[in-house]
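Contents: one structure, followed by commentary.
Note that the structure is a prediction, hence the values are computed from the model and not measured.
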Amino acid sequence: MSIYAQQVLKVKTANVIYDKSSKNQQTQSEVIKSAFEANGNGKIQRIWAVDSDPANRKSSIQQIVNEIAAEPEAGILFLTISKEDLAEDFLVALKQKGLKNSILGEQALGRESFAKRFDKYDEEKKSIGFFTDGMYVPLPILFDSAGADAQDFLSAYQNAYNKTPSYLGAKFYEAAIVAVDAIRKANPRLTPASLTDDREQVREALAKLNNRKVGLRGLTGLLYFNSDRNSDQPVRLAQFQNHKLISASQQFTQITNPERLNLPKELEAGSIVRAGDQYFWRQRVVYAAMDINKLNRIDKSTFTADFYVWFRYSGNDDPTKIQFPDAVVNSVNPTAPVFDSKDPIKAQVVDGLNYRLFRVRGEFRNAFDFRDYPFDSQKLNLRFDNPNLSTDRLVYAIDTVGLRLPRDKDLERKPFQGLQLWTFKDITYFQDSSRSTSTQGDPDLFQSNVQVEYPGLSIRMTVKRRTLVFLSKNILPLILLSLLVYCCLFFPYTMFVPRTMAPASALLSGIVLLLSFNNQLPEVGYTVAMEYVFYVFFCLCLFPIIVTVIGTKLERDGHKKAFKYFNIASLIIYPLILITTVAIFAINYGDRLV
């Protein structure tokens, strides 16, 4: 925190505010003072202790605010207070005094519910975020710059509880992942006599989770314990904006292999900062988004989309030099590139950040899964990445404020209304990256296991096929042919040719329909759900032929009783096969009929 204040926010003076009743916060305040004043780079003007006693709280806070206001170089405020009500009172007094000092708050204040505590004040009613906008807090997870797993958790949590989870909810979820995994590996007997042994086995299973190679997949990376029995988890710095927590425009990422870098050169260039024996990259955070205008068409292996892309960032224009790896062609001008970073439709500076807006209209490849066709749902992935910079240096954060997330379902559904054969289910935005293990011909990397990650952003749109529309066009012929074949069973056995040739003709018709059906699909190496319907139909076509052959022989050999029961059984088995098939599909896919 001290490094961030000095290296990024460029402040040389600071004040520390803590709760007088907390010994831990007092100790923490001394640690901040020591770190901030290390090497003579900064000065803590004063450490303030707030009296949290209700009888003295208001006067104590007001005295501190008045003295900070009187200090011409008060600098940044380190707010180590963890009680939300006490922090609320302090921020209200500070802002109502008109002070605009930057604030670095305690992690415990890093919840959107904290920002909403101020809704009752007149200033907040006039301007959302009046008391908290711009306040920094360190957090172990930020959803705007987290990957797909974190976004899936976010969506599931919002659907279940109708609110955004805090960092605590996310970390408790990861703790549950580790605990459940340890219990499964321990395989406890769960008896009163084995209680002590069961607990020891679970503890041993947790102890074996001691390095990245055996780490479990979490929301922000691998879950494991280091030699100090702590979890090596990244810490991100967040800012409040309009009651939302967004990634601060610059972060620090630890350098794991400093020996491979020209440290003096990078330090001089300002790309790297040093804290003791550790080195950190300055990581630029770019607020970016893809906002769908219209999804025009979904084909066998591609889809056509029209959407806006925008970026808000500080520094040079490198963040806009992106590529769409799945792009096929520009749908408006086939001779032009799908995306041209040199041709924005808007380019300006807004609130100190460069703002670039682009419009993209193109056709994109997609990996479709047709196993459940035509009862399938498809995930359409739209993504870009930056092949020029690694994730150590730059990361794209979802512009949740610009996208106004979370959105109303009707608003999300609007761009998909032109798809006649599909219905919209959901859309997920997430930070993404592409990986390369290439040495790029660098001799220094020949013997290393180097892996470079390039930053990107993705949208995952889930759509569901309108099955009833498809079935009305493709299943009706099969139904009519099945009824025709069934009618053949009522023909007398003396009509041998009609009893066998009609099903054979239906079989050939079914093969033609199957070939026509397969032409609607790309080449796939598996059987799709609809093909099983055709296979059952082919069996039903063969059924009357086999019945006719066996029944004719029984009648000719004089087995009248056997012939009678055999004929009745054939009339019952045929519809039973048909009903069973319909029931199986109804059980498996009944909820997908739209």
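- Summarising the geometry, atom CZ belonging to Phe153 is positioned 9.0 Å from atom CD1 belonging to Ile177; distances are rounded to the nearest 0.5 Å.
- Of the possible polar contacts, none joining the Gln250 side chain to the Arg282 backbone as a donor-acceptor pair under 3.5 Å is found.
- Within a 6.0 Å radius of NZ in Lys120, more than 12 heavy atoms belonging to other residues, nucleotides or ligands are found.
- Residue Leu209 places its CG atom among more than 12 non-hydrogen atoms of other residues, nucleotides or ligands, all under 6.0 Å distant.
- By the 6.0 Å contact criterion, CZ on Arg212 is open, its count of non-hydrogen atoms from other residues, nucleotides or ligands being 12 or less.
- Glu37 places a side-chain N or O within 3.5 Å of a backbone atom of Ile44 that can act as its donor or acceptor partner.
- The heavy-atom pair separating Val214 from Lys208 by the smallest distance is CG2-O, 3.5 Å.
- When each of Asp432, Ile398, Ile322 is paired with Leu457, the side chain to side chain contact (heavy atoms under 4.5 Å, CB included) condition holds for Ile398 and for no other.
- Residue-environment remark: CZ (Arg199) stays at or below the threshold of 12 foreign heavy atoms within 6.0 Å.
- Among pairs with a residue in residues 337-354, none fulfils side chain to side chain donor-acceptor pair (under 3.5 Å), at least two apart in sequence or across chains.
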Pairs of donor and acceptor atoms involving the side chains of residues 101-112, under 3.5 Å and at least two apart or interchain, shall be tabulated with distances.
unit_1: Asn101; atom_1: ND2; unit_2: Gly75; atom_2: O; d: 2.9
unit_1: Glu106; atom_1: OE1; unit_2: Gln28; atom_2: NE2; d: 3.0
unit_1: Glu112; atom_1: OE2; unit_2: Leu245; atom_2: N; d: 3.4

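- Ring geometry for Phe240 against Phe114 counts as tilted: the plane angle lies between 30° and 60°, on a 0 to 90° scale.
- Side-chain contact between Leu405 and Lys244 is absent, with no heavy atoms from C-beta onward closer than 4.5 Å.
- Summarising the geometry of Gln431 relative to Val395, their closest heavy-atom pair is NE2-CG2, 3.6 Å, with the distance given to 0.1 Å.
- Remark: the Glu266 side chain and the Asn262 side chain contain no N/O donor-acceptor pair separated by less than 3.5 Å.
- Other residues, nucleotides and ligands contribute over 12 non-hydrogen atoms within 6.0 Å of the CG atom of Asp53.
- Taking the side chain as every heavy atom from C-beta outward, Phe324 and Met290 approach each other to under 4.5 Å.
- For the atom pair OH (Tyr454) and CG (Asn388), the distance works out to 8.5 Å, reported to the nearest 0.5 Å.
- For OH of Tyr173, the number of neighbouring non-hydrogen atoms (other residues, nucleotides, ligands) closer than 6.0 Å is 12 at most.
- Remark: Arg46 qualifies as a cation-pi partner of Trp48 under the 6.0 Å distance and 45° angle criteria applied to the six-membered ring.
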